[in-house]
There are 2 protein chains.
Amino acid sequence: MAQKIGFIGLGNLGAPIALNLLEAGHELYVYNRTISKTKPLAEKGAKVCKTVGELAEISNIIFTVVSDDAVLKSLCNSEDGLLKKMPEHGLHISLSTILPKTAAELENLHQQNGQRYLASPVFGRPEAVTAKKLNYVISGNVEARSLAIPLLKDSGGINVWDFGETVTAANTVKLCGNFLIAGALEAIGESVLLATNSGIDPNTMWNMFSQTLFSSPIYANYSNIILQRKFEPAAFTAKLGLKDINLVLEQAHDSHSKMPLAQFIQKRLDSLIKIGHENIDWSAVALVASETSTI
Amino acid sequence: MAQKIGFIGLGNLGAPIALNLLEAGHELYVYNRTISKTKPLAEKGAKVCKTVGELAEISNIIFTVVSDDAVLKSLCNSEDGLLKKMPEHGLHISLSTILPKTAAELENLHQQNGQRYLASPVFGRPEAVTAKKLNYVISGNVEARSLAIPLLKDSGGINVWDFGETVTAANTVKLCGNFLIAGALEAIGESVLLATNSGIDPNTMWNMFSQTLFSSPIYANYSNIILQRKFEPAAFTAKLGLKDINLVLEQAHDSHSKMPLAQFIQKRLDSLIKIGHENIDWSAVALVASETSTI
């Protein structure tokens, strides 16, 4: 059957991913709660849907990129939602960072309706979408994975990492990844403080670390952001960071895993937000929190 | 003048560094408190000195690799020590991880005796010495730096990073680096726990992270050690790790830097040691501490 692709959620990450799909030649239907965000895509040929239901009825593959578990569940479960309106055999490719158990629940509900659900969270900031350097991690039904992989590559994926049949796996990996990043952010920030206050140039130091011990994308990109204090506009806000660390801790609780570092990072992000910085980049966690907070 | 090189401290790191110098063709004089450790080097042509003073009188360049600030100070200040026995213009290349202020103090004392002191701490575990992939960070007198760089390369350095004239700089960078590594160890360990307890294979997950977000030597090597639980024999013990984090916190205190993550890591390493694991590798911090401690 001809692929008509629906895309819901045109935020910082969703919008450029949708654009990549459009530019790869796919027939694209878009929906966003704030309709003005559909305009740049409409100008390039995307068809704008006024409701989720309208999009769901017309698309046989639907991408969703939304901010949290509750929004995604509501997209699926509402009267005008995906479960009721998607065609049989339709595929829901879910890119959001959510709890593994939410993925299991939604897979189950889609299956009951003869539809398919794929967990496909994504690593990459907005600039990585444009550079087509996203890393997708996927898990779920084998046919869903086969169908999705070429589309995920078209959408900006440099790699699609397959974590197998159990749908919860990919979201667990995504939570581990965001936790690791948050830990690195705090550590980078404190190292910059110590170097600066000890009288050495933190740029020279990080020039070395970025080429040696910590020669990885996360450390190279984020040390640059932290050293230049480019915390606004945020590519990923402290508020979203805290939301993800809260998911990490919920998964830690559910799986009986001790994660004291995750608890520590939760406190730090929380203190950054409490002093009014919920909308700056989460990489500000050590520098800005240390300047203004007692935690 | 002909270079007669002295080498003091033949531990896990010192012994293979000394061997590299010997194999590069240098005339090498060695001293170690436990004399049996000099034997493998003596068999390859190193001359064994029975006292620090004997070594200091005969060598115009002396490397030291010792476990802490107190041992290094004692090596310099004792009746039979480097300050009294080294020749004028002699160069002390100090590889140990110590406080920046100790480096400043020793540089000053050597200068008073017409000798030179170079701060040259080193990043790399024993296997990196053999592979000649050490990263040295150096700071101090410009002539001392020029003289030392080719020797540091002969000793196994793939890179020598020059942090300029102020002798304290290199030790500050080293403390920042070890702090960053310790933070990464805790994060890797907790991610392995969360993945495992959530029913996914942490090896598959780290195979991805090591090729993508965290494709750096520190994460690649240590995730491997943590996944395989190769904590014994230790290349770098929990006890030495705690010693270094204590130095980080002393430097943080002296420089008025807030480092709550360093304080957290201190508690974790301390709890690992309190349950009897001071001699296992410091990379065990999250896994082993979480299994047996309530902190």
Side-chain angles (χ1 to χ4, degrees), chain A residues 100 123 135 137 159 161 163-164 166 168-169 172-173 175-177 179-184 186-188 190-200 202 204-205 208-209 211-219 248 251-252 254-262 264 267-268 286 289-291 295, chain B residues 100 123 135 137 159 161 163-164 166 168-169 172-173 175-177 179-184 186-188 190-200 202 204-205 208-209 211-219 248 251-252 254-262 264 267-268 286 289-291 295:
Chain A
F123 288 105
N135 278 287
V137 286
N159 287 301
W161 300 87
F163 282 86
T166 308
T168 52
T172 301
V173 172
L175 292 181
C176 286
F179 159 67
L180 288 160
I181 295 169
E186 176 72 34
I188 294 169
E190 292 190 17
S191 81
V192 169
L193 277 176
L194 186 64
T196 306
N197 293 344
S198 301
I200 72 167
T204 313
M205 180 175 83
M208 182 203 64
F209 287 147
Q211 290 178 67
T212 53
L213 288 73
F214 296 101
S215 57
S216 77
I218 291 296
Y219 282 84
V248 168
Q251 180 63 17
D254 290 354
S255 64
H256 309 290
S257 306
K258 284 188 193 167
M259 296 188 76
L261 176 58
F264 167 80
K267 278 189 204 137
R268 293 286 282 169
S290 289
E291 280 159 11
I295 294 173
Chain B
F123 288 106
N135 278 287
V137 285
N159 287 302
W161 301 86
F163 283 86
T166 308
T168 52
T172 301
V173 172
L175 291 181
C176 285
F179 159 67
L180 288 159
I181 295 169
E186 177 71 33
I188 295 168
E190 291 191 18
S191 81
V192 168
L193 277 175
L194 185 65
T196 307
N197 293 345
S198 300
I200 72 168
T204 312
M205 181 175 83
M208 182 203 64
F209 287 147
Q211 290 178 67
T212 54
L213 288 73
F214 297 100
S215 57
S216 77
I218 290 297
Y219 282 84
V248 168
Q251 180 63 17
D254 290 353
S255 64
H256 309 289
S257 308
K258 285 188 193 169
M259 296 188 76
L261 176 57
F264 168 80
K267 279 190 204 137
R268 293 286 281 170
S290 290
E291 280 159 12
I295 295 171

Between [X] and [Y], which heavy-atom pair has the shortest distance, and what is it?
| X | Y | result |
| --- | --- | --- |
| A:Phe209 | B:Val173 | CZ-O, 3.6 Å |
| A:Gln251 | B:Ser198 | NE2-OG, 2.8 Å |
| B:Thr204 | A:Phe163 | CG2-CE2, 3.7 Å |
| B:Ala262 | A:Glu190 | N-OE1, 3.4 Å |

Under a 4.5 Å cutoff for heavy-atom pairs, which residue among [options] has the most contacts with chain B?
| options | value |
| --- | --- |
| A:Asn135, A:Ile188, A:Leu213, A:Thr212 | A:Leu213 |
| A:Gly177, A:Pro202, A:Gly164, A:Ser215 | A:Ser215 |
| A:Thr196, A:Leu261, A:Val192 | A:Leu261 |

Winner by heavy-atom pair count (cut-off under 4.5 Å) against chain A, out of [options]:
| options | value |
| --- | --- |
| B:Asp254, B:Val248, B:Asn197, B:Thr166 | B:Asn197 |
| B:Gly183, B:Ala184, B:Gly199, B:Ala187 | B:Ala187 |
| B:Ile181, B:Thr168, B:Leu175 | B:Ile181 |

Side-chain touch A:Leu194/B:Ser255, heavy atoms, less than 4.5 angstrom: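 Side chain of A:Leu194 against side chain of B:Ser255, heavy atoms only: contact under 4.5 Å found.
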Contact class of [X] relative to chain A, heavy atoms under 4.5 angstrom:
| X | answer |
| --- | --- |
| B:Pro217 | both |
| B:Phe179 | side chain |
| B:Val137 | side chain |

Could you grab the distance from atom [atom1] of [X] to atom [atom2] of [Y], nearest 0.5 Å is fine?
| X | Y | atom1 | atom2 | answer |
| --- | --- | --- | --- | --- |
| B:Met259 | A:Ser191 | CE | OG | 7.0 Å |
| B:Glu186 | A:Phe264 | CD | CZ | 11.0 Å |
| B:Gln211 | A:Asn159 | CD | CG | 8.0 Å |
| B:Thr172 | A:Ile200 | OG1 | CD1 | 5.0 Å |

